[in-house]
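First comes the structure, then the notes that go with it.
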Amino acid sequence: MENADVVRLLSEMADVLELTGGNPFKVRAYRQAAQVIDTLPEPVSELWRRGRLTELPSVGAGIATAITEILCTGHFEKHDRLVRGVPLGILELLRLEGVGPRTVAAAWQELGVQDLAALAAACEDGSLARLPRMGPARVKAIREAIARYRGRGTRMPVHRAYFYAEGMLERLRRVPGVLRAEAAGSLRRRRETVGDLDLLVSSKRPEAVMRAFVQLPGVAHVLAQGATRSSVRLDAGLQVDLRVLPPESWGAALQYFTGSKAHNIGLRARAVKLGLKISEYGVFDRQGARLGGATEEEVYRAVGLAWIPPELREDTGELEAAEADTLPALVDESDVVGDLHVHTDASTDARSSIEEIAAEADRLGRRYLAVTDHSKSRPLGLDADGLRAQIEYVRALDRRLRGRPRLLTGVEVDILPDGSLDLPLELLAELDWVVASIHSHFRDPSGRTTDRLVRAIRSGVVDAIGHPSGRQIGKRDAYPFDLHAVLEAAAAHGVALEVNAMPDRLDLTDRACRLAAEAGVRVVIDSDAHNTSHLANVRYGVWVARRGWLTAHDVLNTRPVAHLARRRREAEVTT
DNA sequence: GCCGTTTTCGGCCCGACTGTTTTCAGTCG
């Protein structure tokens, strides 16, 4: 049983309870517990084994028992019993925009609607319109929600959402009367995918902002337009919500709309304990007197906390860390001074020459660069002779470049199915930097892939494991392997794990980063650039690392190049 | 179902917008 299975059963439990008129607080309890498990940086089975389940926030005796049952039997009897009483296709209706539990329950109980097709039919034949408080506008909205749901893609990758947001914000900042305009929500938290955009504008003239907003280029539909809040859907399918606030509420609103929901609930619970109320308009005492809210710092300070970086606001311990003043000093993009995984046109799938890559890296301020083309198992990858020739070439170019940037000889060597490496060990030992990666046999059983990675780590010639889980977002899941075993081996042998910053990889994940740091494993944030434009993607790797609580200390390529060489010599002495 | 400086009962974040009403229920974030 994976965490995702537990999450699914707990979430469905919440949905069914809600649909059948269960206690709304019980609904929320299941939902919160599901959220906690979903963002847990380790297998929930591990916590269960150690008897620590109830130490998780929102997990008490009841849900701990449920999780135990799920882990041991694969089922959750209470859930199964409830789900049996509900038509198979009905929970899906809750995913429809503008359709909640009350609407679904009414359509089901009054009209016998059991699935999406039946709801669509009820829109058409007029039966839905006979439900209480159901007029023509709502029927139309539901009909459109069904159409959108049927044609809906997945969440948008964060790098794409970032560019949509920046484009809109730039235009909104030019509207007369606008003081500030920023993105909040999951984009500001730098989640790897974004469901919708939350934009905030500080202005004393909201009408002008709203008029400009609904007319922005790319707006396909206006979903709602009010005095302080409007929603649109872009041609790209992305929903964008805009809130306009007076300057004195800016910090409170930014805090509120950045979320996450779980983080805000935790924060507000603290406020309630102190007799305070936090809303998007500010912090207020019992008498309703305003105590602050112009900045986020004021909001956190009001409940005795240090300001918390948005990337940490997932209610996974950041509130406690802020209280204890033990928040990590997160790694910043400017801390990263080298790139230790780039390809050149020596790899078949790369487009730029070593010279072009080096020039762009220099322009971006990178002080060193490891040239790591593919080894011979990849089509047109380097064999031993090809690599020897490239080593000479890179060394000669390095002398000419005089440190702008320093060039390191290297390779991205394939880890073969048996865990051996694709090039002779003595040749790999000559290189400045060796990335070892899996590019085949993704469907091997977990144990075999784990052994494969561990054997590569133990080879004595590998500096880093490239894109350790092999996932490609929206395309290919991670191959199954035991992350804990790999972390243990990496820590023991001083091998780094990569955060591959290609936007469709982001591998390690944020959670894995956090586990790596806890295991004492160093991380490298690499572009895996296949052309010059990819070099700047390091930014997205830094976002992941920040979400994984990493400091510059945890990230190897924040160090000067001399540190890497020294570290390698020390490793050679000890192995 | 969770939780506790209000601690084993009685609370549980809070406000905007829409569409439906003639004061508010439902949904959303």
Side-chain angles (χ1 to χ4, degrees), chain A residues 10 13-14 17-19 22-36 53-67 76 78-79 93-107 128-142 144-145 184-186 189 194-200 206 210 222-231 239-245 249 252-253 255-284 286 288 299 303-304 315:
Chain A
L10 294 179
M13 185 71 187
L17 271 176
E18 189 167 48
L19 210 55
N23 176 348
F25 298 108
K26 197 187 278 194
V27 171
R28 206 181 65 186
Y30 275 108
R31 208 155 267 159
Q32 282 182 175
Q35 195 272 338
V36 166
L53 281 180
T54 52
E55 290 177 19
L56 291 172
S58 306
V59 175
I63 287 179
T65 306
I67 294 172
F76 178 17
K78 215 179 273 184
H79 159 277
L93 302 184
L94 293 169
R95 308 276 88 85
L96 294 171
E97 218 175 336
V99 176
R102 312 306 290 259
T103 305
V104 173
L128 192 67
R130 288 199 293 275
L131 293 178
R133 304 189 68 87
M134 183 66 70
R138 287 211 64 210
V139 174
K140 179 163 175 283
I142 291 172
E144 288 167 0
S186 52
R189 301 201 312 281
V194 170
D196 57 17
L197 292 183
D198 297 287
L199 304 185
L200 295 187
M210 287 309 180
V222 179
L223 303 172
Q225 185 176 359
T228 64
R229 179 179 153 189
S230 294
S231 295
Q239 180 174 325
V240 187
D241 297 334
L242 174 69
R243 299 289 300 236
V244 183
L245 299 119
S249 298
Q255 194 290 316
Y256 183 84
F257 289 107
T258 296
S260 67
K261 192 169 212 171
H263 174 89
N264 284 358
I265 288 173
L267 187 70
R268 278 153 187 258
R270 271 159 208 267
V272 169
K273 265 182 247 161
L274 298 170
L276 303 173
K277 188 186 77 167
I278 297 177
S279 77
E280 60 261 55
Y281 297 112
V283 183
F284 302 89
R286 280 197 186 83
V299 176
V303 290
D315 196 20

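In what follows, chains are A, B, ... by sequence order, proteins preceding strands, each numbered from 1.
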- Note on the structure: Closest heavy-atom pair, A:Tyr256 versus A:Asn264, reported as atoms and distance to 0.1 Å, is O-ND2, 2.7 Å
- Message: Using atom C1' in both nucleotides, what's the gap between B:dG11 and B:dT6 to the nearest angstrom?
- Response: 10 Å
- Message: Between B:dC9 and B:dG15, how many Å separate the two P atoms, rounded to a whole number?
- Response: 31 Å
- Length of the NZ-P vector between A:Lys26 and B:dG1, whole Å: 4 Å
- Task: Please name all residues satisfying ring pair (Phe, Tyr, Trp, His ring centres under 6.0 Å) with A:His263, sequence neighbours left out, ordered by chain then number.
- Result: A:Tyr300
- Length of the CE-C1' vector between A:Met13 and B:dC2, whole Å: 15 Å
- Write down the distance separating the P atoms in B:dT8 and B:dC14, rounded off to the nearest Å. 23 Å
- Whole-Å distance between B:dC13 P and A:Lys273 NZ? 12 Å
- Under a 3.5 Å cut-off for both distances, is B:dT8 Watson-Crick or wobble paired, and to whom? none
- Remember a base hit wins even if backbone is also touched, and classify A:Lys140 as base, sugar-phosphate or nothing at under 4.0 Å, heavy atoms. nothing
- Rounded to whole Å, CD of A:Glu97 lies from P of B:dT27 at a distance of 13 Å
- Task: Please figure out whether A:Phe257 or A:Ile278 has its closest DNA chain B nucleotide nearer the 5' end.
- Result: A:Ile278
- Task: Assess whether atom CZ of A:Arg270 is packed by more than 12 heavy atoms of other residues, nucleotides or ligands within 6.0 Å.
- Result: yes
- Rounded interatomic separation in angstrom, taking CD from A:Glu18 and P from B:dA25: 17 Å
- Determine yes or no for a side-chain-to-main-chain donor-acceptor pair under 3.5 angstrom, with A:Arg189 supplying the side chain and A:Thr258 the backbone. yes
- Nearest-angstrom distance, P atom, B:dC12 to B:dT18: 28 Å
- Closest heavy-atom pair, A:Ser186 versus A:Asp196, reported as atoms and distance to 0.1 Å, is OG-O, 4.3 Å
- Task: Check the distance between B:dG29's C1' and A:Gln255's CD and give it to me in whole angstrom.
- Result: 13 Å
- Item | Atom P, compared across B:dC17 and B:dT22: separation rounded to whole Å | 23 Å
- Message: Can you check the distance between B:dC13 and B:dC2, where both ends of the measurement are the P atom (answer in whole Å)?
- Response: 15 Å
- Could you check whether A:Thr103 gets within reach of a base, just the sugar-phosphate, or nothing at all, counting any heavy atom under 4.0 Å? sugar-phosphate
- When all nucleic acid strands are considered with a 4.0 Å heavy-atom cut-off, which category describes A:Val27: base, sugar-phosphate, or nothing? nothing
- Query: Nearest nucleotide by nearest heavy atom, which residue falls closer to the 5' end of DNA chain B, A:Val59 or A:Ala269?
  - Reply: A:Val59
- Query: When you check every protein heavy atom under 4.0 Å of nucleotides 15-20 of chain B, what one-letter string (B, S, -) results, 5' to 3'?
  - Reply: SBSSBB
- Query: Over how many whole Å does the gap from A:Arg28 atom CZ to B:dG10 atom P extend?
  - Reply: 19 Å
- Task: Would you state whether a donor and an acceptor, one from the side chain of A:Asn23 and one from the base of B:dG1, lie under 3.5 Å apart?
- Result: yes
- Of all heavy-atom pairs linking A:Leu10 and A:Phe76, the shortest is CD2-CE2, 4.3 Å
- Pick base, sugar-phosphate or nothing for A:Phe25, based on heavy-atom distances below 4.0 Å to the nucleic acid. base
- Task: Write down the distance between NZ (A:Lys261) and P (B:dC14), rounded to a whole number of angstrom.
- Result: 14 Å
- Message: Once side chain to side chain donor-acceptor pair (under 3.5 Å) is applied, do any residues pair with A:Ser279, and if so which ones, sequence neighbours excluded?
- Response: none
- Item | Closest heavy-atom pair and its distance - A:Met210, A:Gln225 | O-NE2, 4.0 Å
